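Residue numbers start from 1 in every chain, and the chains themselves are labelled A, B, ... in the order their sequence lines are given, proteins ahead of strands. Predicted model, so just to flag it, every value in this text is computed and none were measured.
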Protein chains: 2
Amino acid sequence: MPGSIQSLERAAAILRLLAGGERRLGLSDVASSLGLAKGTAHGLLRTLRSEGLVEQDAASGKYQLGAELLRLGTGYLDGHQLRARALRWTDDLARATGEAAYVAVPHRDGVLVVHHVPRPGEPPRTGAMLPLHGSALGRVLCAYDPVTRAEPAGGPGFEAELAATRARGFAVDLEPAGGGTASVAALVRDGRRMPVGAVGVTGAAERMCDAGGVLAGVVAAVQDCARGISGDLGAGRA
Amino acid sequence: MPGSIQSLERAAAILRLLAGGERRLGLSDVASSLGLAKGTAHGLLRTLRSEGLVEQDAASGKYQLGAELLRLGTGYLDGHQLRARALRWTDDLARATGEAAYVAVPHRDGVLVVHHVPRPGEPPRTGAMLPLHGSALGRVLCAYDPVTRAEPAGGPGFEAELAATRARGFAVDLEPAGGGTASVAALVRDGRRMPVGAVGVTGAAERMCDAGGVLAGVVAAVQDCARGISGDLGAGRA
DNA sequence: GAATCGGGGCCGGCAATGCCGACCACCGGC
DNA sequence: GCCGGTGGTCGGCATTGCCGGCCCCGATTC
């Protein structure tokens, strides 16, 4: 891989810096965080601002992410095959289960939510990152996708958990926090039967579980949804 | 304004190109569209790809927008004051009217949707661009925000329409297409009473209108919502 | 099957590019 | 008033990245 363009790498680093943690940073903060000279950082920020990728608070002079990023991120979603096919299926899934439905794809060291049908009153979470080991969507991708699993492994017994997920055909995650939240997720494959993403639902454990674990009806709905999307992806490719 | 960084401008142009119109372009297409040498375009694309801002289809070799943009776009939303305050108010608005609620801010030559509460079964439209002259959200911003109105004016009588909007205190848009769609929007101001965005609802005209125009209850709900958000922004700033 | 054409990708030399560090204007606090 | 801090600017140097040409490969076509 021949050399990358330095100024672009640095600009991307600035955007990532503004996206994580503190979302409003001053020029000096940016420069020192990335080990750049103040003048260099200023030139990058000035250009990013003129392109709309970064905005500057008029009062404080601090920098934050720009609106153009939202437009570009939406452009990514519009071109996303999996998400396009998933729209109608996840709608049915959310209606059938009464819970929030999610679609996610692997991204870096986690999974990225590319579609979310929230329950009424909940905020949308499309674009959020979920952990590989702490979510049903992440686990199901870990279980089936070799490149995703290449990430640093979780605790002992995690491989066994993945094997169990493969045997069941779906992943489960139970979060005791806040009265108990349960998640179920299943794999989505493309036309060549390669793993490309995951779909699932998340909701209060008291609605989704009984003494024997997650309700069979919910699991079946998630699996039907995954099969439906996978089928659409296969047919679309022919 | 001292010079901008050339490579960054070009990289941003590539991203904009991939976001608009054709969403999958070959290297040669990108190079010729922007008037760049093939080698130059390749270097930019290679770096954008390594940063995750652009992805390359393994089979065709064509380029498309990358998942990192969705993550960054979400980061923009997370830092957005107006959107954060609007979340709970628009939720009430959608429930009270039974229609889809929108929040938008001015961006370039249009308005950008930063929050959308869709009706059940509708896809989310957060991140979409709406026209200044062909939407209620755009018109209300035109009517009150001087920098937004500086855009090329619409047809004759448009100024009168804006004056009427200011007199009424809200904007209306009726689209005959598809059986008739009606929209109502009102202005949101920040703590210094400057226009910062707009909030509104859109739905079938047969539900939202009677012989006298848009139902008074819907208009009142939109205006209450706009006042509520504006109040929150003022209080938060104190 | 061979020749052609177009695709993406790589490389070396030149100079334009953008990086750096010093410097300026401004603000708020001590 | 001084001082430490901010964001912003400018000029000179050399690093940087741009360019045009070349290669490889796969699809198409005769």
Undergrad: Would you kindly give the CG-to-P distance between Leu45(A) and dG18(C), to the nearest whole Å?
TA: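 From Leu45(A) CG to dG18(C) P: 15 Å.
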
Undergrad: May I ask you to evaluate whether Thr40(B) reaches the phosphate of dC19(D), defined as a side-chain N or O under 4.0 Å from OP1 or OP2?
TA: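 Yes.
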
Undergrad: Is the shortest side-chain N to carboxylate O distance from Glu68(A) to Arg16(B) below 4.0 Å?
TA: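 The answer is no: the pair does not qualify as a salt bridge.
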
Undergrad: Does anything in residues 27-34 of chain B reach DNA chain C, meaning a heavy atom under 4.0 Å, and if so which residues?
TA: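 Going residue by residue through residues 27-34 of chain B, the ones with a heavy atom under 4.0 Å of DNA chain C turn out to be Leu27(B), Ser28(B).
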
Undergrad: Counting distance only, does the side-chain N/O of Ser32(A) pair as donor-acceptor with the main-chain N or O of Asp29(A) below 3.5 Å?
TA: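 Answer holds: yes.
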
Undergrad: With a cut-off of less than 4.0 Å, is there a side-chain N or O of Arg10(B) near OP1 or OP2 of dC19(D)?
TA: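 So the side-chain polar atoms of Arg10(B) do come within 4.0 Å of the phosphate oxygens OP1 or OP2 of dC19(D), strictly under.
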
Undergrad: State whether the side chain of Asp190(A) and the backbone N or O of Met194(A) hold a donor-acceptor pair below 3.5 Å, judged by distance alone.
TA: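 Looks like yes, one N/O pair under 3.5 Å.
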
Undergrad: Taking the nucleotide of DNA chain C with the nearest heavy atom to each, does Lys38(A) or Gly35(A) sit closer to the 5' end?
TA: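 Final value for this comparison: Gly35(A).
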
Undergrad: Please determine whether a side-chain nitrogen of the Lys or Arg among Arg49(B) and Glu55(B) lies less than 4.0 Å from a carboxylate oxygen of the Asp or Glu.
TA: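 Salt bridge: no.
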
Undergrad: Are the side chain of Thr47(A) and the backbone of Ile5(B) linked by a donor-acceptor contact shorter than 3.5 Å?
TA: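 Indeed, once roles are kept as given, a pair shorter than 3.5 Å links the two residues.
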
Undergrad: Look at His42(B) and dG9(C) and indicate whether a side-chain polar atom (N or O) is within less than 4.0 Å of OP1 or OP2.
TA: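 Yes.
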
Undergrad: Quick one: Leu8(A) CG to dT17(C) C1', roughly how many Å, whole number?
TA: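 The distance from CG of Leu8(A) to C1' of dT17(C) comes to 14 Å, rounded to the nearest Å.
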
Undergrad: Starting from P on dG7(D), measure out to CD on Glu55(A) and report it in whole angstrom.
TA: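 For the pair Glu55(A) CD and dG7(D) P, the rounded distance is 17 Å.
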
Undergrad: For a quick test of reading the model: is some side-chain N or O of Tyr63(A) closer than 4.0 Å to OP1 or OP2 of dG8(D)?
TA: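 Result: yes.
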
Undergrad: Let me know, please, whether Gly39(B) or Ala41(A) comes out on the 5' side of the other along DNA chain C by nearest nucleotide.
TA: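 The 5'-side residue here is Gly39(B).
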
Undergrad: Closer than 4.0 Å, any side-chain N/O of Gln56(B) to the OP1 or OP2 of dG9(C)?
TA: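 So the side-chain polar atoms of Gln56(B) do come within 4.0 Å of the phosphate oxygens OP1 or OP2 of dG9(C), strictly under.
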
Undergrad: From CG of Leu48(B) over to P of dG17(D), roughly how many Å is that when rounded to an integer?
TA: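 Distance check: Leu48(B) CG to dG17(D) P gives 13 Å.
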
Undergrad: Using distance alone, with no hydrogens and no angle criterion, decide if Asp232(A) and Trp89(A) have a side-chain donor and acceptor under 3.5 Å apart.
TA: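 On atom types as modelled, these side chains qualify, holding a pair under 3.5 Å.
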
Undergrad: To the nearest angstrom, how far is Glu9(A) atom CD from dG18(C) atom C1'?
TA: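 Atom CD in Glu9(A) sits about 15 Å away from atom C1' in dG18(C).
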
Undergrad: Calculate the interatomic distance between Asp57(B) atom CG and dG8(C) atom P; express it in whole Å.
TA: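 Roughly 12 Å, once rounded to whole Å.
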
Undergrad: Starting the side chain at C-beta, find the nucleotide from dC19(C), dG7(D), dC19(D) nearest to Gln6(A).
TA: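 Nearest listed nucleotide: dC19(C).
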
Undergrad: Could you say whether Leu36(B) or Leu25(A) is positioned toward the 5' end of DNA chain D, judged by the nucleotide with the nearest heavy atom to each?
TA: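 Checking each residue's closest nucleotide, the 5'-ward one belongs to Leu25(A).
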
Undergrad: Grab the NZ-P distance between Lys62(A) and dC27(C) for me, whole Å please.
TA: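 So the two atoms are 17 Å apart, to the nearest Å.
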
Undergrad: Would you mind reading off the distance between Leu44(A) atom CG and dT17(C) atom C1', rounded to a whole angstrom?
TA: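 In whole Å, dT17(C) C1' and Leu44(A) CG are 13 Å from each other.
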
Undergrad: Checking contacts here: which listed nucleotide (dC19(D), dG21(C), dC19(C)) is nearest the side-chain heavy atoms of Ala37(A)?
TA: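 The listed nucleotide nearest to Ala37(A)'s side chain is dG21(C).
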
Undergrad: Is it true that Asp91(A) and Arg88(A) make a salt bridge, defined as a side-chain N closer than 4.0 Å to a carboxylate O?
TA: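 No, no charged N to carboxylate O under 4.0 Å.
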
Undergrad: More than 12 heavy atoms of other residues, nucleotides or ligands under 6.0 Å from CZ of Arg189(B): is that the case?
TA: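 For Arg189(B), atom CZ is crowded (more than 12 foreign heavy atoms under 6.0 Å).
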
